[in-house]
There are 2 protein chains.
Amino acid sequence: MNNPAVSAAPSTAERILDAAEDLFAAKGYSATSLGDVADRVGIRSPSLYNHFKNKEALYEAVLERLLAVFSAPLAELEGGPVTNERVFHWLETIVRQHHANPNLARLLQHAALSGGPHTNELIDRLFRPMFRPDAKIEGGDLTLFENSGLQPWAVMAFNNLVMSYVTMAPMYRDLLGQDPFSEAALENQLSLIKMLLRAVFEYKGGAAGAG
Amino acid sequence: MNNPAVSAAPSTAERILDAAEDLFAAKGYSATSLGDVADRVGIRSPSLYNHFKNKEALYEAVLERLLAVFSAPLAELEGGPVTNERVFHWLETIVRQHHANPNLARLLQHAALSGGPHTNELIDRLFRPMFRPDAKIEGGDLTLFENSGLQPWAVMAFNNLVMSYVTMAPMYRDLLGQDPFSEAALENQLSLIKMLLRAVFEYKGGAAGAG
DNA sequence: ATGAGAGGCGCGATTATTCACATTGCCCCG
DNA sequence: CGGGGCAATGTGAATAATCGCGCCTCTCAT
């Protein structure tokens, strides 16, 4: 009994992972010191080596835990027909996930900017599936959009929309005058993203034109 | 004569600024070492102190040079009536600027994630003007959209779109199979952004709805 | 020669990592 | 039941590398 995975007091290793996740996400791999991590947990830095081989292994473990959570929705989407409705639902799930835990987006952003260990693995596991060339939307008539060659750019744009909201949130806090992670802010962001997604689904062709 | 600002050989101070800009943008303030900067310039790190008081002053100078360039288009937009056409033109200018020099976006992203010196000043000078409550679009009939309360979110979204493209570019490089900063890629990104901006201008109300 | 700019040297702080050691709880054997 | 190990987990001290930064000297062009 007393299974530590079931809402019991978190183990030291888990508390280290929590602290490290926050710090890696905020400051990046190299700017995060093991002393900072240890301080948050309330132990001394050499004690970390009882739980993780070294700094890089700790970083790996943090990534692994996050990837397990965030890879799920895309796998689920691919488990069935890719219809408009299911894309909407998938996007909403992703947005809610990033609001619930902004750390993956932040880690990813650091990795994109500075590299760091396991960056290629991150790309492969999170993004590669979204850019597979055979990814088509069934049911709707998106052929016009698909043929425009803009589809990968759209995938990228919506990914940017979701991730950048999270990574830029600290800057937007006082510009918006409200907590970017509040329930109300989440609803607003969802409204906007869905409106833009509808625009893509209803794409009628034509480039830009200001008038 | 031999004015160093006019396409002559750049002075040492300018070469230091160039190197520091790239490194601060890639690795952030604290992860950038003055040794790295000096190496790029081809001098030893103590020599940097002949040109800049200390690391923070160097960072300040880098920011100042970037802000001078990137603040211009918004100031120009505000110099006249804010019409649909001029918003289109402003957005295109911004996108092209970020493609020409991705460093400001990257610097900003680091600041948003980790703080660092002068972050508040950055927010005030770049973003505050975009979120002024009296900012309205003249001419078009956007009242429906404005009344939806989503306007600041749209401003944020398009900012995210532009900045995140740049900050995530290293990750997208091999996913797209082409250089994200090529002319062709720029055109594609512009097409997509303009299409989404048109969707905002033609906003008809209504929330989401998948079918 | 004179002053700006480059380099050498080194101090003090921080970091990742290792090591020797203390403490704790648990299992097993007598 | 009791105690001898033993693994797990903590600690402080020590090490080697790196960093920001200041001091002092040298060099070279005007």
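Both backbone and side-chain heavy atoms feed into the values below; hydrogens, waters and symmetry mates do not. Letters A, B, ... mirror the listed sequences (proteins, then strands); counts begin at 1.
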Verify the contact: side-chain N or O of A:R44 to OP1 or OP2 of D:dG10, cut-off strictly under 4.0 Å; return yes or no. no
Closest of C:dG7, D:dT11, D:dC21 to the B:S47 side chain is C:dG7
With a 4.0 Å cut-off on heavy atoms, is B:S33 in touch with a base, just the backbone sugar-phosphate, or nothing at all?
-> sugar-phosphate
Checklist entry - Are a donor atom and an acceptor atom from the side chains of B:Y172 and B:D179 found within less than 3.5 Å of each other? => result no
Rounded to whole Å, the CD1-P distance (B:I43 to C:dA4) equals 17 Å
Between OH of B:Y49 and C1' of C:dC11 the distance, given in whole Å, is 13 Å
So, does A:H51 get its side chain near the phosphate of D:dA8, meaning an N or O under 4.0 Å from OP1 or OP2? no
Of the candidates C:dA6, C:dG7, C:dA16, the side chain of A:K55 sits closest to C:dA16
One should read off an interatomic distance between B:M156 CE and B:F127 CZ, to the nearest 0.5 angstrom, of 10.5 Å
Practice problem: Using the ring of B:Y29 (Phe, Tyr or Trp, six-membered ring only), decide whether B:K55 places NZ or CZ under 6.0 Å from its centre and within 45 degrees of its axis. | Solution: yes
The nucleotide from D:dG10, C:dG7, D:dT11 with an atom nearest the side chain of B:P46 is C:dG7
So CG of B:L197 and CD of B:E92: to nearest 0.5 Å the spacing works out to 11.5 Å
Taking C:dA6, D:dT11, C:dG7 as options, the one with an atom nearest any side-chain atom of B:T12 is C:dA6
Here the distance between atom P of C:dA6 and atom CG of B:D39, to the nearest Å, is 15 Å
Whole-Å distance, A:L48 CG to D:dG12 C1', equals 15 Å
Please classify the nucleic acid contact of B:S30 as base, sugar-phosphate, or nothing, using heavy-atom distances under 4.0 Å. nothing
### Message
Between the base of C:dA6 and the side chain of B:N50, is one N or O donor paired with an acceptor at under 3.5 angstrom?
### Response
yes
Could you tell me whether the side chains of A:Y59 and A:N54 share a donor-acceptor contact shorter than 3.5 Å? no
Comparing nearest nucleotides in DNA chain C, the 5'-proximal residue of the pair A:K53, A:A31 is A:A31
To the nearest angstrom, the CD-C1' distance between A:E56 and C:dT15 comes to 16 Å
Out of D:dC21, C:dT17, D:dG12, minimum distance to the side chain of B:N54 belongs to D:dC21
From CD1 of A:I16 across to P of D:dT9 the rounded distance in Å is 10 Å
